[in-house]
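Note: hydrogens, waters and symmetry copies are ignored here, and every other heavy atom, side chains too, is used. From a predicted model like this one, the values you see are computed outputs, not experimental measurements. Below, chain A is the first sequence line, B the second, and so on; all start at residue 1.
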Protein chains: 2
Amino acid sequence: MDLFLSTFENKIDRKGRISVPAIYRNVFERKNTSLYLFKSLTKSCLEGCGIDRINQIVDAIDQMDVLSEDTLTLQTMLSSTQEMKFDNEGRIMLSDDFIGYASLDGIALFSGIGRSFEIWNPLQWYPRDTATRDSAKKGKVPKLSFARNSNQGYS
Amino acid sequence: MDLFLSTFENKIDRKGRISVPAIYRNVFERKNTSLYLFKSLTKSCLEGCGIDRINQIVDAIDQMDVLSEDTLTLQTMLSSTQEMKFDNEGRIMLSDDFIGYASLDGIALFSGIGRSFEIWNPLQWYPRDTATRDSAKKGKVPKLSFARNSNQGYS
DNA sequence: TTCTATCCCATGATATCCCATATAATCCCA
DNA sequence: TGGGATTATATGGGATATCATGGGATAGAA
């Protein structure tokens with residue numbers, strides 16, 4: 001499965017192009033698949049993923065009540081989704097819509113969060129990162145079980 | 001399962017490279033897997049582990065409420081995680097971000113703590129080590145259960 | 001045409017590769 | 001068991017390749 005880690009800050013040039021970090025790009029080049037970008041439902045950022053993730057959403061919709069609120073929400077995600085094309089240098093073009101939604105301005109921050117990655121205005125991302133770390137230091141660290149029969153938390 | 005023990009102090013050269021202790025390196029070379037480094041959530045050090053632990057975090061996120069605080073925390077961990085590449089001499093490159101976060105300066109201390117290891121500024125590690133030992137001498141020693149079918153973790 | 005997206009080439013920064021060396025650890029044989 | 005020989009490890013530095021970025025040229029749509 002796809003795995004996106006680390007953070008990177010890249011420039012948006014005057015043509016609206018931005019380099020996708022090479023290690024993210026490799027995920028798509030290896031499998032010869034496309035990168036899909038959509039507006040995050042809950043945060044003011046863009047979210048990037050592979051076709052697998054998109055298919056998960058589509059399948060989820062198929063199994064839900066057509067009239068439900070959740071269906072509408074997922075459909076909203078899909079309607080904002082764009083299939084991105086890489087140029088020879090591994091860059092993509094961000095639409096004005098995307099740039100506006102994420103309040104991007106000259107520099108974008110890629111933040112790998114596992115199965116997908118986010119694209120942020122650095123000025124909005126850093127305070128959130130700091131806040132989350134501060135919260136964790138106050139003891140709000142999620143417990144992960146690393147051994148089968150253990151109650152050991154992570155710290 | 002991976003096992004990291006002992007402490008080592010190695011130099012960070014002017015290119016930002018540092019030798020990973022051979023016995024740590026062997027863990028990854030034997031399984032032909034990568035070393036992952038991330039910023040500790042609770043301490044001013046870096047933490048090193050294998051892909052297994054990363055996968056546990058990713059899987060945990062998949063099964064959690066997207067909007068929960070815990071999800072945010074785990075995503076913060078992943079966004080600081082880097083897959084490290086060994087050069088032919090068994091060194092890795094520490095990014096400026098990592099060096100800054102752990103306040104590293106010329107020398108780094110590797111501290112094996114079982115399933116993972118930590119990378120510290122020696123000046124910060126030694127006082128902590130001493131303090132923990134002093135505390136233990138005053139009776140604060142955890143109980144260890146060696147019973148075969150125990151579910152108790154170390155704490 | 002005019003605007004814009006795509007292609008193609010150039011460049012600087014820096015990560016990676018490769019070779020060298022000093023020191024420490026291990027081996028091996030008398 | 002001692003001590004020289006050999007190997008492993010940590011470190012340093014030059015050469016090379018990769019990556020992010022910039023910009024001109026071309027193609028296509030409005």
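Between B:Ile99 atom CD1 and C:dA15 atom C1' there is a gap of 14 Å when expressed in whole angstrom units. When rounded to the nearest whole Å, the span between CE of A:Met93 and P of C:dT6 equals 7 Å. The separation between A:Ile107 atom CD1 and D:dA20 atom P is 15 Å, rounded to whole Å. Taking atom CZ of residue A:Phe86 and atom P of nucleotide D:dC19, one finds them 13 Å apart after rounding to whole Å. D:dA15 atom P lies 18 Å from atom CG of B:Asn88, rounded to whole Å.
Side-chain atoms of A:Glu47 and A:Ser116 form a donor-acceptor pair, as typed in the model, at a separation below 3.5 Å. A donor and an acceptor atom, one from each side chain of B:Gln82 and A:Ser6, are nowhere located under 3.5 Å apart. B:Ser135 and B:Thr132 are not linked by any side-chain donor-acceptor pair at a separation below 3.5 angstrom, with hydrogens and angles left out of the test. A side-chain donor from one of A:Ser44 and A:Gln124 sits under 3.5 Å from a side-chain acceptor of the other. Side-chain contact, A:Ser79 with A:Thr76: no donor N or O sits under 3.5 Å from an acceptor N or O.
The rotation axes computed at either terminus of the helix from C:dT1-D:dA30 to C:dA30-D:dT1 lie 40° apart, taking five pairs at each end and rounding to 10 degrees.
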Close N or O pairs between protein and nucleotides 9-13 of chain D (under 3.5 Å):
{"unit_1": "D:dA10", "atom_1": "OP2", "unit_2": "B:Arg25", "atom_2": "NH2", "d": "2.4"}
{"unit_1": "D:dT11", "atom_1": "OP1", "unit_2": "B:Lys11", "atom_2": "N", "d": "3.2"}
{"unit_1": "D:dT11", "atom_1": "OP2", "unit_2": "B:Lys11", "atom_2": "N", "d": "3.3"}
{"unit_1": "D:dG12", "atom_1": "N7", "unit_2": "B:Arg91", "atom_2": "NH1", "d": "2.8"}
{"unit_1": "D:dG12", "atom_1": "O6", "unit_2": "B:Arg91", "atom_2": "NH2", "d": "3.0"}
{"unit_1": "D:dG13", "atom_1": "OP2", "unit_2": "B:Arg14", "atom_2": "NE", "d": "3.4"}
{"unit_1": "D:dG13", "atom_1": "OP2", "unit_2": "B:Arg14", "atom_2": "NH2", "d": "3.0"}
{"unit_1": "D:dG13", "atom_1": "N7", "unit_2": "B:Arg17", "atom_2": "NH2", "d": "2.8"}
{"unit_1": "D:dG13", "atom_1": "O6", "unit_2": "B:Arg17", "atom_2": "NH1", "d": "2.7"}
{"unit_1": "D:dG13", "atom_1": "O6", "unit_2": "B:Arg91", "atom_2": "NH2", "d": "3.4"}

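Here B:Lys85 does not reach the OP1 or OP2 of C:dA15: none of its side-chain N or O atoms lies under 4.0 Å away.
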Working for ring pair (Phe, Tyr, Trp, His ring centres under 6.0 Å), residues B:Phe38 and B:Phe98: CA-CA 8 Å; B:Phe38 58 91; B:Phe98 276 174; 8.9 Å; no
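Applying the 6.0 Å contact sphere to NZ of B:Lys31 captures more than 12 heavy atoms from other residues, nucleotides or ligands.
A:Phe110 and A:Tyr126 fall into different hydrophobic clusters, where Ile, Leu, Val, Met, Phe, Trp and Tyr residues are linked whenever their side-chain heavy atoms come under 4.5 Å apart, directly or through other members.
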